[in-house]
2 protein chains.
Amino acid sequence: MEPVTKQETRHTINNFVSVDCVIFGFDFTQLNVLLVDRVMVDELTGKEIFSDLTLAGNHIYEDEDLEEAAARILFDLTGLKDIYLEQFKTFGAPGRISRANDKLWLEASGRDPNDRIVTVGYYSLLATDKVTLEWKGRNVRWTPVSEVTELAFDHMEILNEALIALRQSLIREPIGFALLPSKFTLSQLQRVYEVILGVSLDKRNFRKKVSRMKYLVSLEEKQIGVAHKPARLYSFDRDMYESTRKELLDFAI
Amino acid sequence: MEPVTKQETRHTINNFVSVDCVIFGFDFTQLNVLLVDRVMVDELTGKEIFSDLTLAGNHIYEDEDLEEAAARILFDLTGLKDIYLEQFKTFGAPGRISRANDKLWLEASGRDPNDRIVTVGYYSLLATDKVTLEWKGRNVRWTPVSEVTELAFDHMEILNEALIALRQSLIREPIGFALLPSKFTLSQLQRVYEVILGVSLDKRNFRKKVSRMKYLVSLEEKQIGVAHKPARLYSFDRDMYESTRKELLDFAI
DNA sequence: CTGCTTTGTGTAGATTTTACACTTATAGAA
DNA sequence: TTCTATAAGTGTAAAATCTACACAAAGCAG
């Protein structure tokens with residue numbers, strides 16, 4: 001935001017800006033993340049040079065806002081629009097692209113691997129159903145978050161930060177409801193919290209807690225076809241949530 | 001993070017990256033923000049073309065991490081190091097530099113005003129004492145946050161987002177202690193919360209609340225020389241805080 | 001010694017948190 | 001029809017926290 005003056009010669013002008021999406025997928029069993037296969041092949045011999053995994057990222061187009069770029073990437077991978085998407089942190093350390101594979105990869109696509117790429121991190125959360133599992137000719141796969149140990153670039157760090165931010169959001173905002181069908185049971189809702197936060201919760205206390213939320217509406221309807229006592233169904237009332245959400249006030253330093 | 005392929009022609013490569021610092025200053029009366037005078041003068045006539053206010057921002061140097069750039073700006077303005085500094089959001093809308101003054105300003109410093117500048121927002125919090133009030137030959141001033149109504153670029157939006165993030169941090173982390181001398185009274189501590197959050201708190205309930213925090217240590221020492229009952233002094237024990245901080249767990253959707 | 005100013009303190013009622021175990025409704029198998 | 005497996009649904013007591021609210025004590029200045 002500051003004009004360049006003549007004294008300042010240490011400036012960089014080739015800062016490329018990209019967006020990386022940490023797409024979390026919930027499936028009632030575990031929390032997954034969408035990872036993209038990155039395979040580099042020797043053009044002459046056809047032999048594989050290396051193969052690893054990355055988050056889904058892309059540069060931003062000229063006419064796009066950052067969030068639009070993230071939504072585009074999300075759409076390309078999943079075919080879904082209007083999905084919960086949140087910016088959480090921007091990464092721009094000069095050495096964030098320093099590993100050999102990453103440099104090779106950039107060179108192969110005509111970039112100077114010494115340029116800095118500043119990347120804006122977004123995360124999103126959706127149910128792992130009906131997502132396109134192909135992107136730019138590359139394989140895309142759901143991987144349980146707990147099993148991800150190594151990623152290209154600094155994507156492991158980005159994933160870790162995203163997970164922290166996701167959990168904070170889940171605690172403070174009703175983003176878990178988007179993972180459920182429009183009518184759901186309290187056990188399903190509890191599962192959302194348990195899986196994403198990685199904790200186990202007491203059933204009775206959980207119900208006591210959510211029963212205080214006016215935007216959780218109890219339907220006069222039950223599950224059918226289940227081989228046990230059928231659960232009552234509930235739905236999420238967004239309008240009620242919007243109108244009763246209280247501003248943060250009491251502090252808990 | 002994604003190599004450019006031939007099909008993708010809509011990409012931008014001239015994305016300049018800058019850092020903007022929202023420097024909050026606390027003075028027991030109000031919350032202030034450091035603003036920089038921006039005056040544009042006609043080179044020939046010497047007449048003022050316009051004058052307004054901006055946040056403190058700068059591009060990032062080649063060898064700097066984003067946070068280092070923010071810390072450098074903070075140091076240049078205040079002469080202070082190791083101050084609380086937090087990244088909160090990145091702004092990159094294509095039209096974020098669209099007002100006439102802003103375009104003139106960029107042109108005057110040899111930039112193409114149609115280039116996009118992606119800026120990473122940081123905020124910091126300090127006591128309004130002993131800060132350098134000059135920066136790059138321009139005037140720098142503390143302005144009460146409540147009186148800021150218009151800023152250059154999209155800096156008003158950036159300020160608003162920073163304020164929200166600051167308040168959240170104050171509520172969740174003990175960042176207020178840095179504004180106080182090493183020995184302080186509970187009334188001073190209460191004032192920190194009241195001024196920054198913009199609320200008034202009940203004295204007894206506040207004391208009950210903070211008395212539960214083990215890292216707030218009560219000293220066997222009192223104020224001297226005050227024309228009223230002298231207050232007991234307290235200090236903040238960072239080690240105790242680090243060792244007893246509980247991970248967020250109970251959720252409050 | 002009087003007045004001014006700020007400190008410091010307690011209680012009762014309401015709400016929330018925590019830990020904890022048994023009965024009920026249904027589908028499917030015997 | 002009965003039995004079995006499975007998940008649903010429910011209450012209580014103790015502890016902790018939250019909320020609203022008013023007056024005496026300590027020091028300095030005059």
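Numbered from 1 within each chain, the chains take letters A, B, ... in sequence-line order.
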Check the pair B:Asp20, B:Thr119 against side chain to side chain donor-acceptor pair (under 3.5 Å), reporting the backbone distance first and the verdict last. CA-CA 6 Å; B:Asp20 279 309; B:Thr119 197; 2.8 Å; yes

Dump the intermediate steps for side chain to side chain donor-acceptor pair (under 3.5 Å) on A:Glu86 and A:Tyr123, then the final yes or no. CA-CA 5 Å; A:Glu86 198 84 23; A:Tyr123 66 87; 4.9 Å; no

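Counting to the nearest Å, the P atom of C:dT18 and the CZ atom of A:Phe206 are 14 Å from each other. Atom CZ in A:Arg204 sits about 13 Å away from atom P in D:dA13, given to the nearest Å. Here the C1' atom of nucleotide D:dA8 and the CZ atom of A:Arg191 are 16 Å apart, to the nearest Å. One atom, CG of B:Leu189, and another, C1' of C:dG8, lie 16 Å apart when rounded to the nearest Å. In this structure, A:Phe28 atom CZ and D:dA7 atom C1' are separated by 15 Å, rounded to whole Å. Look at CG on B:Asp202: it is 13 Å from P on D:dC18, rounded to the nearest Å. Remark: C1' of D:dG27 and CZ of B:Arg232 are 16 Å apart, rounded to the nearest angstrom. When rounded to the nearest whole Å, the span between NZ of B:Lys208 and P of C:dT9 equals 13 Å.
Distances shorter than 4.0 Å separate some side-chain N or O of B:Arg207 from OP1 or OP2 on C:dG8. Regarding contacts with the backbone of D:dC18, a side-chain N or O of B:Arg212 is found under 4.0 angstrom from either OP1 or OP2.
Of the candidates D:dC18, C:dG10, D:dG11, the closest approach to any side-chain atom of B:Lys209 belongs to D:dC18. Of the candidate nucleotides D:dG11, D:dG9, C:dT7, D:dG9 has the atom nearest to the side chain of A:Lys203.
Looking only at atom types and distance, the side chain of A:Ser235 has no donor-acceptor partner in the side chain of A:Ser182 under 3.5 Å away.
Residues A:Phe177 and A:Phe184 place their aromatic rings such that the two centres sit under 6.0 Å apart. Taking the six-membered ring for Trp and the full ring otherwise, the centers of B:Phe26 and B:Phe28 sit less than 6.0 Å from each other.
Residue order along DNA chain D, read from the 5' end via each residue's closest nucleotide, puts A:Ser187 first among A:Ser187 and A:Asn205.
Between B:Tyr215 and B:Phe236, the angle of the ring planes goes over 60°, which puts this pair in the perpendicular group of the 30/60° scheme.
With respect to A:Glu134 and A:Arg138, no salt bridge is recorded, no charged nitrogen being found less than 4.0 Å from a carboxylate O.
Residues of residues 218-230 of chain A that place a heavy atom closer than 4.0 Å to DNA chain D, in numerical order, are A:Ala227, A:His228, A:Lys229, A:Pro230.
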